[in-house]
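To start, the structure under review is shown below, and the notes come after it.
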Amino acid sequence: MSAVSTAAYAARRAAQKEKVRILYRRALKDTLNWAVHRHLFYPDADALRERFETNKHVEDPDTIDRLIENAEASYNKWRHPDPYVVPWAPGGSKFHRNPTPPAGIEIVYDYGKEDNE
């Protein structure tokens, strides 16, 4: 193998590892949307981990690309239709409930206190 093909192979493998890592994290977070309680989440998380571990030994880049595509298709098929969003995060029910006042409006924090000078 030449240095160029070795570098290209290493770059492709690094990109594949990153895709797999991102896919695993997304799937794991989505598993929390399906399992309401932690005692229900842990077996599902273990099963998800096993699905990823079964293909850990695969070395062929084309096979890995195909496995990633299949896993992404499966993830998109089984994504939760109404994922949980923390209430104060963007998209949550409390997000921007009390927005900051517009510029030019002054808030007086010492309202009601009298100056005894």
Side-chain angles (χ1 to χ4, degrees):
M1 248 194 230
S2 68
V4 173
S5 63
T6 304
Y9 176 79
R12 185 174 178 190
R13 285 299 302 252
Q16 288 173 339
K17 286 181 182 181
E18 185 70 12
K19 282 183 183 178
V20 169
R21 185 186 65 79
I22 290 170
L23 179 64
Y24 176 72
R25 287 190 54 141
R26 280 191 303 167
L28 191 62
K29 287 179 182 180
D30 194 59
T31 303
L32 271 172
N33 293 326
W34 288 103
V36 181
H37 301 288
R38 289 289 175 158
H39 70 277
L40 301 172
F41 165 73
Y42 290 133
D44 293 343
D46 290 340
L48 178 67
R49 183 66 183 201
E50 282 182 27
R51 287 181 64 190
F52 275 81
E53 291 288 335
T54 55
N55 296 315
K56 188 175 183 179
H57 66 280
V58 178
E59 293 291 328
D60 181 38
D62 296 328
T63 306
I64 294 171
D65 285 336
R66 184 178 45 79
L67 289 170
I68 290 172
E69 287 175 12
N70 292 343
E72 285 178 346
S74 175
Y75 169 72
N76 288 330
K77 178 181 177 186
W78 294 107
R79 271 174 74 178
H80 197 281
D82 187 23
Y84 177 75
V85 178
V86 180
W88 52 86
S93 60
K94 290 185 178 180
F95 185 68
H96 275 225
R97 184 171 287 179
N98 296 317
T100 55
I105 295 180
E106 182 180 341
I107 299 176
V108 180
Y109 291 107
D110 60 348
Y111 180 76
K113 295 182 182 177
E114 298 178 10
D115 292 327
N116 294 327
E117 291 181 15

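Counting only distance, with no hydrogens or angles, the side chain of Glu72 and the backbone of Leu23 share no donor-acceptor pair below 3.5 Å.
Residue pairs meeting the salt bridge (charged side-chain N to carboxylate O under 4.0 Å, His left out) criterion with at least one partner in residues 80-100, sequence neighbours excluded, are absent.
Note that the OG1 atom of Thr31 and the NE2 atom of His80 stand 11.0 Å from one another [nearest 0.5 Å]. Rounding to the nearest 0.5 Å places CG of Leu67 at 9.5 Å from CD of Gln16.
Enclosure of atom CZ in Arg26 by more than 12 non-hydrogen atoms of other residues, nucleotides or ligands within 6.0 angstrom is indicated. Annotation for Trp34: atom CH2 counts as buried by contact number, over 12 foreign heavy atoms lying within 6.0 Å.
Under the salt bridge (charged side-chain N to carboxylate O under 4.0 Å, His left out) criterion, Asp30 pairs with no residue, sequence neighbours left out.
At a threshold of 4.0 Å, the pair Glu18-Arg21 counts as salt-bridged, since one of the basic side-chain nitrogens sits closer than that to a carboxylate oxygen. Salt bridge Arg12/Asp65: present, at least one basic N to carboxylate O contact under 4.0 Å.
Across every non-hydrogen atom of Asn33 and Pro83, the tightest pair is ND2-CB, 3.3 Å. Across Pro90 and Val85, no two heavy atoms sit closer than the pair O-CG1, 3.7 Å.
Tracing side-chain contacts under 4.5 Å through hydrophobic residues (I, L, V, M, F, W, Y), one reaches Tyr42 starting from Leu28; they form part of the same cluster. By the criterion of side-chain heavy atoms lying less than 4.5 angstrom apart, applied directly or through intervening Ile, Leu, Val, Met, Phe, Trp or Tyr residues, Ile64 is grouped together with Tyr75 in one hydrophobic cluster.
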Would you mind writing out the side-chain donor-acceptor pairs for residues 51-60 within the sub-3.5 Å range, not counting sequence neighbours?
unit_1: Glu53; atom_1: OE2; unit_2: Arg49; atom_2: NE; d: 3.0
unit_1: Glu53; atom_1: OE2; unit_2: Arg49; atom_2: NH2; d: 3.0
unit_1: Thr54; atom_1: OG1; unit_2: Arg51; atom_2: O; d: 2.8
unit_1: His57; atom_1: ND1; unit_2: Thr54; atom_2: O; d: 3.1
unit_1: Glu59; atom_1: OE1; unit_2: Arg13; atom_2: NH1; d: 3.2
unit_1: Asp60; atom_1: OD2; unit_2: Thr63; atom_2: N; d: 3.3
unit_1: Asp60; atom_1: OD2; unit_2: Thr63; atom_2: OG1; d: 2.7

